[in-house]
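Encoded as structure tokens, the structure appears first; notes follow it.
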Amino acid sequence: MSAPNDLHFPFSALEGQAALQQALLLLAVDPQLGGVLVEGPRGTAKSTSARALAELLPSGQFVNLPLGTTEEQLQGALDLEAALQSSAVQFRPGLLAQAHQGILYVDEVNLLPDGLVDLLLDVSASGTNRIERDGVSHQHAARIALIGTMNPEEGQLRPQLLDRFGLFVRLPNVPDVDTRKRIVRARMAFDADPAQFCAQHAEAQTQLRAQIAAARQQLASVVWPDAIFDAVAQLCQQSGAEGVRADLVMLRAARAQAALAGHAKVSLADVQAVAELALAHRRSADAAQPPSPSGQVNDPNDQQAQQQQPQRQPPNQAQASKADAASSSNTNHSQPDSWGGMAAPRHTGIEPVKALRPFIAKKA
Ligand SMILES: Nc1ncnc2c1ncn2[C@@H]1O[C@H](COP(=O)(O)OP(=O)(O)OP(=O)(O)O)[C@@H](O)[C@H]1O
């Protein structure tokens with residue numbers, strides 16, 4: 001039996017995809033991170049998780065961008081004749097307008113013409129779609145969470161475009177037999193009775209939705225202490241990332257991470273948790289080892305300030321243990337070390353340290 005069209009596999013029921021879930025949640029909180037690029041094998045829940053994320057956003061919009069899409073279909077069309085006759089601009093909205101406040105999903109983004117990718121990245125970073133034709137212009141808000149997927153065997157994305165994707169997740173193949181079994185059990189349970197499966201996850205979904213909404217509201221007021229700028233600059237410098245896009249994205253992603261946890265200040269732990277997502281596609285080839293900043297960096301978030309933060313709903317136990325299971329199957333955990341009490345991010349794959357836990361099991 002397949003699921004009715006209006007029921008989709010819930011985000012909180014995804015198995016063993018902590019890094020992808022983390023990147024997507026950060027994007028949900030701050031769509032202007034510049035999109036998430038997901039590289040990985042077929043059948044690893046790339047489209048399932050993107051669609052599931054849409055259900056956590058206020059608009060619920062999920063727009064799929066087909067490979068043959070034209071610039072006009074994407075941006076919308078201006079009726080120039082009407083503009084000449086009545087001096088009023090007539091605009092026929094495109095996919096970007098449809099995806100406003102939702103998700104724009106591009107499967108095999110590496111096969112899309114460069115011009116369109118360029119446009120998508122511009123719009124996702126600016127939140128505005130600006131159309132100009134023969135001296136006539138129109139613009140509208142296009143706050144889109146851009147999610148692109150690619151299989152490198154089918155062609156590479158140009159480095160200029162790769163660098164402009166905010167976050168990057170490289171998915172491994174299903175890592176082990178147990179995870180494989182958990183995945184198929186969950187999927188088969190969903191397919192057998194979608195309504196019941198969704199009902200079982202309704203509470204976790206409601207909590208995640210509320211958590212994202214609260215984080216979005218709080219985002220602009222979350223601050224970066226000076227030490228955070230130091231830590232980010234050190235990490236990016238040592239990774240050999242060109243320019244400062246990695247720094248900008250890392251700071252922004254760390255702020256989204258802090259907002260999700262209900263914190264008012266970005267901490268080193270937030271930077272640590274997002275660093276690999278910002279660096280994986282920007283690390284220079286000769287920075288083969290993960291960076292290890294030389295200076296000791298103190299955590300600028302004093303305990304007292306953290307304790308003064310408003311309390312949020314208690315963590316969902318089922319989700320916390322799922323996150324635990326996900327993170328315990330990850331052998332790439334960073335452990336505390338000399339870097340301001342936190343481990344430097346790893347350069348292989350993307351299995352961020354705290355996996356999904358910071359989002360679900362917020363501070364009590
Ligand atoms: N980690 C997972 N958790 C839950 N379901 C999963 C997971 N991985 C794969 N699946 C299931 O596998 C099937 C294929 O997933 P999906 O279509 O999202 O893969 P994809 O990565 O987008 O593949 P493709 O690249 O071929 O489009 C779906 O039924 C999905 O629910």
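Both counts, for ligands and for their atoms, begin at 1 and track the order of listing. Because the structure is a prediction, the values reported are computed rather than measured.
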Problem - Other residues, nucleotides, ligands: >12 heavy atoms within 6.0 Å of Gln217 CD - result: no

Exercise for the section: Taking Gln218 for its side chain and Ala215 for its backbone only, find out whether a donor-acceptor pair lies under 3.5 Å. Expected result: no

Handout entry: Numbering as shown, the atoms of ligand 1 that approach Gln17 to under 4.0 Å (heavy-atom distance)
Key = 1 (N)

Handout entry: Side chain, backbone, both or neither: Phe9 near ligand 1, heavy atoms under 4.0 Å
Key = side chain

Problem - Ring-ring centroid check Phe11 His201, cutoff 6.0 Å - result: no

Problem - Donor-acceptor contact present, side-chain His138 to main-chain Ile131, <3.5 Å - result: no

Problem - Heavy-atom nearest option to atom 3 (N) of ligand 1, drawn from His8, Glu15, Arg51 - result: Glu15

Handout entry: 4.0 Å heavy-atom contact, Ala186 with ligand 1
Key = no

Exercise for the section: Specify the protein heavy atom at minimum distance from atom 23 (O) of ligand 1: its residue, its atom name, and the distance to 0.1 Å. Expected result: Gly43 N, 2.9 Å

Problem - Heavy-atom protein contact below 4.0 Å for atom 13 (C) of ligand 1 - result: no

Handout entry: Heavy-atom nearest neighbour in the protein, as seen from atom 16 (P) of ligand 1, with distance rounded to 0.1 Å
Key = Thr48 OG1, 3.4 Å

Practice task
Could you tell me whether the side chain of Asn110 and the main chain of Gly155 form a donor-acceptor pair under 3.5 Å?
Solution key: yes

